[in-house]
Amino acid sequence: MNGPPSGTPELTALGRQLEMLRLDRGLSKGELARNADTSRQQLWRVMTGKSELTTSLCQRLAEVLGIDARVLRDPTAFARVVGDMAGGGSHGSGDMSGSVAGRAVPASRKTPAPTVAEYLADPRWIARTLATCPDGEGGRLLKRRLLDGLEDAAREAGVRLPPAFFSVRGRVVNGEL
């Protein structure tokens, strides 16, 4: 069969770029959307050309994918990234200066790692970590064990966990995260 099934919108060039980068990074569509602070529906609309890619969303997607935002706007820059992916090099052009989970991070977006206290006090850090875990029952068990370890670390560091931490734990237990 050539192309998408009947009734399925075809991806634009940008959509294909996002899909290749998402797969290369090992992210689900839901993880990409969630980490870029958008909905799966909005991400799909952008990928199929039903919605424009705003500058703000472009920047957030680029940050999640560990690339310079120009890559999503410039087919030539994207071609270089694809060449780097195929060759096992870093993702992007020469302005990358570090990596997170094996992905290149643009120098302009590189932030220092949080302290244990900062990490534990901000549930967004924890949710980002949990989003990298596998799906399914094994992934949920891993997430629960990570949360147990974080509670132990907070106790040892004398850090009081915010109520949002327990909300994240509830979402894991209920299979929502």
Side-chain angles (χ1 to χ4, degrees), residues 15 17-47 51-72 90-92 95-177:
Q17 291 174 359
L18 286 168
E19 189 70 359
M20 286 180 68
L21 291 164
R22 177 187 73 77
L23 292 170
D24 181 66
R25 297 339 189 242
L27 295 169
S28 70
K29 287 181 184 115
E31 289 170 330
L32 177 58
R34 188 172 41 256
N35 292 336
D37 197 29
T38 192
S39 67
R40 284 181 58 185
Q41 293 81 7
Q42 179 59 25
L43 179 61
W44 182 250
R45 285 191 293 269
V46 167
M47 292 175 74
S51 227
E52 291 294 316
L53 177 64
T54 64
T55 302
S56 172
L57 180 55
C58 180
Q59 188 62 44
R60 293 190 316 264
L61 286 167
E63 183 177 338
V64 171
L65 294 167
I67 59 171
D68 189 294
R70 291 172 291 191
V71 169
L72 297 176
S90 68
H91 304 288
D95 60 354
M96 302 295 178
S97 67
S99 68
V100 173
R103 298 189 302 260
V105 177
S108 63
R109 303 301 294 178
K110 192 173 180 185
T111 57
T115 65
V116 170
E118 291 168 335
Y119 181 88
L120 293 170
D122 188 346
R124 291 176 296 181
W125 283 105
I126 296 166
R128 285 180 183 167
T129 300
L130 296 176
T132 66
C133 293
D135 291 330
E137 190 57 36
R140 195 162 80 195
L141 178 60
L142 177 60
K143 291 172 188 176
R144 291 174 72 176
R145 288 184 177 161
L146 284 169
L147 290 169
D148 291 343
L150 291 172
E151 283 190 56
D152 292 344
R155 194 172 21 263
E156 290 170 12
V159 174
R160 183 165 185 219
L161 292 169
F165 173 86
F166 299 98
S167 173
V168 169
R169 179 181 276 288
R171 289 176 57 206
V172 168
V173 169
N174 293 325
E176 300 167 4
L177 181 67

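Throughout, residue positions are numbered sequentially from 1 according to the sequence presented. Just so it is clear, the structure is predicted and the values come from calculations on it, not from any experiment.
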Inter-residue atom distance E31.CD - R40.CZ, 0.5 Å rounding: 10.5 Å
Any residue meeting side chain to side chain contact (heavy atoms under 4.5 Å, CB included) with S51, in chain and number order, not counting sequence neighbours: Q42, R45, V46
Contacts of S167 that satisfy side-chain hydrogen bond (donor to acceptor under 3.5 Å, both in side chains) - sequence neighbours left out: none
Worked verdict on I67 versus R25 for side chain to side chain contact (heavy atoms under 4.5 Å, CB included): CA-CA 11 Å; I67 59 171; R25 297 339 189 242; 3.2 Å; yes
Sequence-distant partners of D37, side-chain hydrogen bond (donor to acceptor under 3.5 Å, both in side chains), two or more places apart: none
From R171 atom CZ to L130 atom CG, the distance as rounded to the nearest 0.5 Å: 9.0 Å
For R140, all residues meeting salt bridge (charged side-chain N to carboxylate O under 4.0 Å, His left out), sequence neighbours excluded: E137
Qualifying residue, where the test is side-chain contact (heavy atoms from CB on, under 4.5 Å) with L57 and the options are T38, L72, L43: T38
S28 OG to R22 CZ distance, which is reported to the nearest 0.5 Å: 7.0 Å
Note, L61 side chain near N35 side chain (heavy atom, < 4.5 Å): no
Set of side-chain hydrogen bond (donor to acceptor under 3.5 Å, both in side chains) partners for S56, sequence neighbours left out: R60
Without placing hydrogens or testing angles, list every side-chain donor-acceptor pair under 3.5 Å for residues 146-154, not counting sequence neighbours.
unit_1	atom_1	unit_2	atom_2	d
D148	OD1	R169	NH1	3.4
D148	OD1	R169	NH2	2.8
E151	OE2	R169	NE	2.8
E151	OE2	R169	NH2	2.6
D152	OD1	R155	NH2	2.5

Side-chain heavy atoms of E19 within contact of L23, under 4.5 Å: yes
CZ on F165 to CD1 on I126, rounded to 0.5 Å: 5.0 Å
Considering all heavy atoms, the nearest C58-A69 contact: SG-O, 3.6 Å
Derivation and outcome, side chain to side chain contact (heavy atoms under 4.5 Å, CB included), residues L32 and L65: CA-CA 8 Å; L32 177 58; L65 294 167; 4.0 Å; yes
